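Chain letters run A, B, ... following the sequence lines, proteins first, then strands; residues in each count from 1. Because the structure is a prediction, the values reported are computed rather than measured. Atoms considered below: every heavy atom in the structure, side chains included; atoms not considered: hydrogens, waters and symmetry mates.
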Protein chains: 2
Amino acid sequence: MSLVVVGSMAFDAIETPFGKTGKIVGGAGTYIAWCASNFTPVKQISVVGGDFPQAELDALTARNVDVEAVQIKKDEKTFFWSGRYHMDMNTRDTLETQLNVLGDFQPVVPDSYQDCEFLMLGNLAPSVQSSVIEQLKNRPKLIVMDTMNFWMEIAMDDLKKTISMVDVLMVNDSEARQLSGDYSLVRAAQTIMAMGPKYIIIKKGEHGALLFHGNQVFFAPALPLEEVFDPTGAGDTFAGGFIAHLAKTKDISFDNMKTAIIVGSAMASFCVEKFGTERIREIGKEDIDARLSEFVQLSNFDISLV
Amino acid sequence: MSLVVVGSMAFDAIETPFGKTGKIVGGAGTYIAWCASNFTPVKQISVVGGDFPQAELDALTARNVDVEAVQIKKDEKTFFWSGRYHMDMNTRDTLETQLNVLGDFQPVVPDSYQDCEFLMLGNLAPSVQSSVIEQLKNRPKLIVMDTMNFWMEIAMDDLKKTISMVDVLMVNDSEARQLSGDYSLVRAAQTIMAMGPKYIIIKKGEHGALLFHGNQVFFAPALPLEEVFDPTGAGDTFAGGFIAHLAKTKDISFDNMKTAIIVGSAMASFCVEKFGTERIREIGKEDIDARLSEFVQLSNFDISLV
């Protein structure tokens, strides 16, 4: 019984109004693994080049992240992305993308991962995501998929096929509108659920996240912060917290998914406090529990007096 | 002991992507009174022209809204506003404004209103709002003030004076940024609280509302709706629900303000379902209780399992 995570491990170079980084470790899979390993062991599937630091893999191993299925292509280079955030921190320009090892990534699921009960498909080419599902002999109890507008533009058929295979789809609000062709997020959610997933999570950045299932809906706020220092990886960290809570508790009821979204929101609120994975790798259980209590204060109310 | 509401009573003509109205009854004071009268009696202060329908005043009287201090200027015309909403329903253009009776409105607080315990200052010229406070012999237990960017542009000194006299200020997110000069809503709230109000509510439309008090913060979601049919009056209705719940329960603790914001959000979610005041005047206690239960489903979660 385990949580399997598929996602990029990468180098990023980030510019925000607060400063810029050199080449730092990033990638959806990296953020998900760092976050999820606070709650449950992780079996990681990814690919890196010979330039990726062994120390990073060792640090993840020490966190109970199994890197057996992280391919190391010694003579190639790791995926690289650089971007610049605008003043509002909600929009960014991609300055450079070097696919490198990600260009022909063919994930291989080892025998030791076949006990997969929870599968997190981080943002990647949808054909890569579906190949992992197809390699699993038993369907996981829950498959969660993250994706982005890029794949809607260049691989819509592949994307729709993969979406039809998963239980939970995560997209942001503009992606939900693009995928459904509907401005109303309530109707967009219904349209996307008709494509296959029984659950859809619509991420709205600083405005929180919505979870839809049938006619049920749940809303999780984002923690109001003085500054969002660097939004990179916040969505991946959110995904990691969401699936890790479900994997830890082995409960996929709608009520437990509500809690899982709050866990994801709490973890994402740490992620944006520093550049890259810096904050998410230094926090522990006490920090997380305190942050979750802040979410209770932020959200809970009593209508018995009305 | 009573709730006193000051606000415009007006004619509106509204265009949305769903259609357009002729001249219909509107105005901040009208929305606040219709909403608040579901919870508690209201003493209304306003001004209308000879063209304003007596039937509208009678309908409010039948709802336990005292209109003694609604001045009727027989030979003048009622305030008129017309506007057109854009596709996203978050932005609108003002097509026409005729101040008419509102141009030289001098509110008069009658003796029978001197028991005012809760005072709601709907959006009006800040000098008009402060003149009501100054006419009250005893300071109310709670003064809530709504305002808008227009007054920041033409009457900032008056506005700051009035803000310094109230307990709770309500503005939307862009107004909070304009008033404070800070993009971060968390810092904007601190800056505005330093101007006098102990509480600030920042309304974010479809993204909900934030309540700040000292270092405490509460977030109320907006109900996700398939369609926002007409946003006119949603902020006023929110204000009406907020102060009416507090006036009814006579409890101004932070915890009860949380509940009051949810009540305001629930009432606003009705308001946008039809043009003008149509929806807000047809609902009753059962509708409101059912909507409040939807907010519990939408927001509540259990972190005891984490």
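At least one side-chain heavy atom of A:F301 sits under 4.5 Å from a side-chain heavy atom of B:V296.
Shown here is B:E153, whose CD atom has more than 12 heavy atoms of other residues, nucleotides or ligands within 6.0 Å. By the neighbour-count criterion of 12 heavy atoms within 6.0 Å, atom NZ of B:K198 is densely surrounded, having more than that number from other residues, nucleotides or ligands. More than 12 heavy atoms of other residues, nucleotides or ligands lie within 6.0 Å of CZ in A:R281, so this atom counts as buried by the packing criterion. In B:R84, the CZ atom is not crowded: 12 or fewer heavy atoms of neighbouring residues, nucleotides or ligands sit closer than 6.0 Å.
Scanning residues 210-232 of chain A against chain B with a 4.5 Å heavy-atom cutoff picks out A:L210, A:V217, A:F218, A:F219, A:P221, A:P224, A:L225, A:E226, A:E227, ordered by number.
Partners of B:V166 under the side-chain contact (heavy atoms from CB on, under 4.5 Å) rule, at least two apart in sequence or in another chain, are B:L121, B:I133, B:I143, B:M145, B:P197.
Contact detail for A:T259 and B:D302: the closest heavy-atom pair is OG1-O, 2.7 Å. Of all heavy-atom pairs spanning A:Q297 and B:K258, the tightest one is O-NZ, 2.8 Å. A:K204 approaches B:H207 most closely through the heavy-atom pair NZ-ND1, 3.2 Å.
Both the backbone and the side chain of B:N300 come within contact range of chain A, with heavy atoms under 4.5 Å apart. Of the two parts of B:L292, the backbone and the side chain both hold a non-hydrogen atom closer than 4.5 Å to a non-hydrogen atom of chain A.
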